[in-house]
Amino acid sequence: MSVSRPVRTGLAVALLASAAVACGDAGGLRSAGSTPTATSPARLWPQLTPASSPAWNIDEADTEVVKGVTVPGDDLRKVDPVAIVRAEIAAHPKDYRGPTAIYRDTTARMAACTSKPAAGKATDGTGDADADTTAASDADTTAASTCPVLQPYYRDLTGDGRVDLTLGFRLLPGDAPDLTAVRVYTVDKHRLLRVMAWEDAVSAVELAGRSVIIRSPSDLADYEYRLQWTWDPEQKAMLLTHDEMLRTHHGQPPGHPSPTTTATVGPSSTADPSTSRSPSVTP
């Protein structure tokens, strides 16, 4: 039976009265004290002329059409990731070819990469945190573990309804240990377009929403760098939107890919990728 309006009103008055009494009882509500006064930022050295150009070039909005690699039906799942890495090597011979090239061992190990279909992973953003994480050391997907190409991941990062490709490969020997290249590719006017490139010592890579997050070790114990690139529809590129140094969870490594991640078949041989930290961008 529903409570009539007069009865509900009486009950409400009784409840308010009891609440007022309870406030005065021991163990009741107490004041937390005065709220701290908000302090606005203090601008330093206002006489300095604002800089008009960056001190270092970190290649914001740097994109590149990949030559020699086609995208059948504009479907990136049909593109061989190994062919993409070989195209980059061909486009930058100074870095990859010759006895003095900094990444000459990457080129040498490409011979171990096959061109048979390999298991790529489609990440659709499902899962508790809407984040798909892969440790940098995760999984070879070719017959030979010496192949420097890492497993490809497919997810719509640009918001056009089609999957984009996140790809990584080892940079060997490099000028630092465990150097990995991380790349993001999309399709633009039926062409394969690289919309993000970064190289670094990588401890983990994550996809979250329209963003790619790269975690890298720091010289400080229990701290790491966290860099985040997010798709910008105006620049038509992944822009570095966050650069921080964060405390880790007591030295515990980030989690592995969510079990909800579904695997799809992508035509590539892939195995074991990021750009060296440019002059101090803080994650």
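Along the sequence shown, residues are numbered consecutively beginning with 1. Note that the structure is predicted; figures quoted are calculated from it, not measured.
- Shortest non-hydrogen contact noted between V79 and Y154 is O-OH, 4.4 Å.
- A distance of 9.0 Å separates CG of D80 from SG of C113, quoted to the nearest 0.5 Å.
- H190 is listed as a side-chain neighbour of D74, based on a closest heavy-atom distance under 4.5 Å.
- Between R194 and D62 a salt bridge is recorded (basic side-chain N to carboxylate O distance below 4.0 Å).
- Atom CG of D156 is surrounded by more than 12 heavy atoms from other residues, nucleotides or ligands within 6.0 Å.
- Without hydrogens or angle criteria, S216 side chain to Y225 main chain gives no donor-acceptor distance under 3.5 Å.
- Residues Q228 and V212 are not in side-chain contact: their nearest non-hydrogen atoms beyond the backbone lie 4.5 Å or more apart.
- Remark: R215 CZ to S203 OG distance equals 7.5 Å, nearest 0.5 Å.
- Proximity of a side-chain donor or acceptor of T107 to a complementary backbone N or O of Y96 within less than 3.5 Å is detected.
- Between the side chain of D200 and the main chain of V202, no donor-acceptor pair closer than 3.5 Å is present.
- Remark: L193 CG to K236 NZ distance equals 10.0 Å, nearest 0.5 Å.
- Remark: L171 CG to R104 CZ distance equals 12.5 Å, nearest 0.5 Å.
- With hydrophobic clusters built from ILVMFWY side chains whose heavy atoms lie under 4.5 angstrom apart, L227 shares a cluster with L157.
- The shortest heavy-atom contact between A83 and V69 is O-CG2, 3.9 Å.
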Check: How far apart are the C-alpha atoms of L246 and Y223, what are their side-chain angles, what is the distance that settles it, and do they pass the side chain to side chain contact (heavy atoms under 4.5 Å, CB included) test?
Finding: CA-CA 6 Å; L246 301 175; Y223 283 84; over 6 Å; no

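- In terms of heavy atoms, P173 sits closest to I102 at CD-O, 3.4 Å.
- No donor-acceptor distance shorter than 3.5 angstrom exists from the side chain of T241 to the backbone of W229, with no hydrogens or angles considered.
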Next item on the list: List the steps, then state whether side chain to side chain contact (heavy atoms under 4.5 Å, CB included) holds for L167 with Y185.
Entry: CA-CA 8 Å; L167 182 61; Y185 299 91; 4.1 Å; yes

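- From K94, atom NZ reaches atom NE2 of H92 across 12.0 Å, with rounding to the nearest 0.5 Å.
- Annotation for A201 and P217: closest pair O-CD, 3.3 Å, computed over non-hydrogen atoms.
- Nearest heavy-atom pair, A61 versus A237, reported as atom, atom and distance to 0.1 Å: CA-CB, 3.7 Å.
- Annotation: side chain of M196 is in contact with side chain of V182 (closest heavy-atom distance under 4.5 Å).
- In the hydrophobic clustering of ILVMFWY residues, with side-chain heavy atoms under 4.5 Å counting as a link, V187 and V85 come out together.
- Criterion: ILVMFWY side-chain heavy atoms under 4.5 Å apart, direct or through other members. Under it, L239 and W231 are not part of a common hydrophobic cluster.
- Judged purely by atom type and a 3.5 angstrom limit, R86 uses its side chain to pair as donor or acceptor with the backbone of M110.
- Side-chain atoms of D164 come within 3.5 Å of backbone N or O of T158 as a donor-acceptor pair.
- The pair R247-E224 does not count as a salt bridge, with every side-chain nitrogen at least 4.0 angstrom from each carboxylate oxygen.
- Taken from CD1 in I213 to NE2 in H242, the straight-line distance is 9.0 Å, to the nearest 0.5 Å.
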Next item on the list: Please lay out, stage by stage, how E88 and E64 fare under the test side chain to side chain contact (heavy atoms under 4.5 Å, CB included).
Entry: CA-CA 10 Å; E88 176 164 331; E64 181 176 291; 5.9 Å; no

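- Side chains of L76 and L192 form a contact here, defined as non-hydrogen atoms less than 4.5 Å apart.
- Between the side chain of T248 and the main chain of D222, a donor-acceptor pair closer than 3.5 Å is present.
- Proximity of a side-chain donor or acceptor of T106 to a complementary backbone N or O of L172 within less than 3.5 Å is detected.
- At least one side-chain heavy atom of S218 sits under 4.5 Å from a side-chain heavy atom of M245.
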